[in-house]
Amino acid sequence: MTVYVLAFVTALFVTYVLTPIIKRLAVRVGAMDVPDARKVHHGSIPRLGGLAIFIGYIVAVVATVSDLSSVMGLIVGSIILIAVGVWDDVKQIGPKTKLLGQILAAAVLVAFGDKVEFITNPWGQMIYLDYFSIPLTIFWIVGFTNIVNLIDGLDGLAAGISLISCIAIFTVLLQIGQSDLALVTMALAGAACGFLRYNFNPAKIFMGDTGSMLLGYTMAAVSVIGAVKTAATVSLVVPVIVLGLPILDTTFAIIRRKINNRPVFKPDKGHVHHRLLAMGLTQKQAVLLMYAVTAVLGCVAVIVAKVNILVGIALVAAILLACVIVATKLGVIAKDKAVLALDRQRAQMAGKDNK
């Protein structure tokens, strides 16, 4: 276990030391996050912190992974994604340009031979993807890249959820004997932890798209490489479960915007963290609650990796049902008028309690 601790500590230390330097660089180049009606922070805050996460993470990977050729596609793809992220954090590029960069980073991984060619169903039978292998792998990676990006709405939220998710993924990778991928995951966890010192509320710096895209991309790429090397679909299932909160939040956002006849890609204030704030929780309370949910999902993911797949499906289905019920209660998937009525009712109840 010494080498895994080394990967974590190295990434943590490098990121911790570099983040203040990157903060000054962000101010100098104008990579600042200006508040608007949708955002919850006040005042302009530097947003290039993902660059410190990347440097800490890559230093730890190079220092600890014995066979770098096994993860070279991941490293090259990460470099491309970081370049796109830095460009966006400094210049605010359009969504189409950013999407093309994400697709290119995913395609690089595929070009290195890392693509999902088959999956197994609950009864152990193999389903070969054939011609769909490449597009589905790219879709998978791009999807996860954006999922972490979309949940980056509160101080420390994306970094903390990624840290917890990486620990759960690391545990499963150890179980299936993927030591190099486990090191990559621990390096990413250490970098996220080192950055969290400056990003937790009140945040001194944001990770920006540079960091959020890197976190999502790396976890997705690790799951793909794990599936290729072990022929175990469980490496694909685990990140879906442990990142269930941002995945469901994204799904609910699409449903909510369709219900309210809004463009799917137009941001709003209906995400889970926004609704928790509307209920009266502070930023810290909302973030810690979402950490706790992610930790529970992480435990479920580890259990699912060990038990019969049908038992795992039952567990996931139960959690999904509970999440839908809670989301409905919060007003995450509802008409705008219903949400306003819910907020008025809560405000009235809060007023009565204060009296």
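Bear in mind that the values here come from a model prediction, so they are computed numbers and not experimental data.
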Trace of the side-chain contact (heavy atoms from CB on, under 4.5 Å) decision for Ile205 with Arg47: CA-CA 6 Å; Ile205 183 172; Arg47 63 174 173 220; over 6 Å; no
Full working for side-chain contact (heavy atoms from CB on, under 4.5 Å) between Leu163 and Leu188: CA-CA 8 Å; Leu163 168 60; Leu188 191 66; over 6 Å; no
Side chain to side chain donor-acceptor pair (under 3.5 Å) evaluation trace for Ser223 with Trp140: CA-CA 10 Å; Ser223 71; Trp140 176 272; 3.1 Å; yes
Candidate pair Ser44 and Asp33, rule side-chain contact (heavy atoms from CB on, under 4.5 Å), full reasoning: CA-CA 5 Å; Ser44 297; Asp33 197 310; over 6 Å; no
Criterion side-chain contact (heavy atoms from CB on, under 4.5 Å) on Met72 and Phe112, from CA distance to verdict: CA-CA 8 Å; Met72 191 53 65; Phe112 274 81; 3.7 Å; yes
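Side-chain contact between Ile169 and Val172 is absent, with no heavy atoms from C-beta onward closer than 4.5 Å. Looking at heavy atoms from C-beta onward, Asp152 lies out of side-chain contact with Phe206 at the 4.5 angstrom threshold. Using a 4.5 Å cut-off on side-chain heavy atoms (C-beta onward), Val302 and Gln175 make contact. Side-chain contact between Val304 and Val238 is absent, with no heavy atoms from C-beta onward closer than 4.5 Å. The side-chain heavy atoms of Met32 and Ile45, taken from C-beta on, include no pair separated by under 4.5 Å. Side-chain atoms of Leu183 and Val61, non-hydrogen and from C-beta on, never get closer than 4.5 Å to each other. Contact of the Ile55 side chain with the Thr15 side chain is not registered, since no non-hydrogen atoms from C-beta on lie closer than 4.5 Å. Side-chain contact between Val14 and Tyr57: absent, with no pair of heavy atoms (C-beta onward) separated by less than 4.5 Å.
Rounded to the nearest 0.5 Å, atoms CZ (Arg197) and NZ (Lys204) are 5.0 Å apart. Distance check, rounded to the nearest 0.5 Å: CG of Asp180 to CG of Asp67 gives 6.0 Å. Interatomic distance, Ile147 CD1 to Met219 CE, rounded to the nearest 0.5 Å: 10.0 Å. Here the OG atom belonging to Ser212 is positioned 12.5 Å from the CD1 atom belonging to Ile161, to the nearest 0.5 angstrom. To the nearest 0.5 Å, atoms CG (Leu81) and CD1 (Ile79) are separated by 11.0 Å. Interatomic distance, Thr185 OG1 to Leu173 CG, rounded to the nearest 0.5 Å: 5.0 Å.
Looking at Gln285, its side chain never comes within 3.5 Å of a backbone N or O of Leu281 through a donor-acceptor pair. For the pair Thr10 (side chain) and Ala60 (backbone), a donor-acceptor distance under 3.5 Å is absent. Judged by distance alone, the side chain of Asp89 and the main-chain N or O of Gly208 form no donor-acceptor pair under 3.5 Å. A side-chain donor-acceptor contact under 3.5 Å links Asn199 to the backbone of Gly156. The backbone N or O of Ala203 sits less than 3.5 Å from a side-chain atom of Asp155, completing a donor-acceptor pair. No donor-acceptor pair closer than 3.5 Å links the side chain of Thr97 to the backbone N or O of Ile93.
Clustering ILVMFWY residues whenever any of their side-chain heavy atoms sit less than 4.5 angstrom apart, transitively, puts Ile241 in the very cluster that holds Ile176. Placement of Ile21 and Val59 within a single hydrophobic cluster is found when ILVMFWY residues are connected by side-chain heavy-atom separations under 4.5 Å, directly or transitively. Cluster membership check: Val287 shares its hydrophobic cluster with Leu289, using side-chain heavy-atom separations under 4.5 Å among Ile, Leu, Val, Met, Phe, Trp and Tyr. Cluster annotation: Phe200 is connected to Leu277 through the hydrophobic network of ILVMFWY side chains, with a link wherever side-chain heavy atoms come within less than 4.5 Å. Residues Val240 and Val272 share a hydrophobic cluster, clusters being chains of Ile/Leu/Val/Met/Phe/Trp/Tyr side chains in contact below 4.5 Å.
For the side chain to side chain donor-acceptor pair (under 3.5 Å) test with Gln102, the passing option among Thr145, Asn146, Asn149 is Asn146; the others fail.
Scanning both residues, Tyr291 and Ile164, for their nearest heavy atoms gives O-CD1, 3.5 Å. Nearest heavy-atom pair, Leu215 versus Ala158, reported as atom, atom and distance to 0.1 Å: CD1-O, 4.3 Å. Across Gly50 and Ile82, no two heavy atoms sit closer than the pair O-CD1, 4.4 Å. Residues Lys98 and Asp209 share a closest heavy-atom pair of NZ-OD2, 2.6 Å. When every heavy atom of Ala192 is checked against every heavy atom of Ala159, the shortest pair comes out as CB-O, 3.8 Å. Nearest heavy atoms, Gly298 versus Val242: CA-CG2, 3.6 Å.
Checked against the 6.0 Å centroid threshold, Phe195 and Tyr16 do not count as a close aromatic pair. Here the two rings, on Phe144 and Tyr217, have centers that are 6.0 Å apart or farther.
Other residues, nucleotides and ligands contribute at most 12 non-hydrogen atoms within 6.0 Å of the CZ atom of Phe13.
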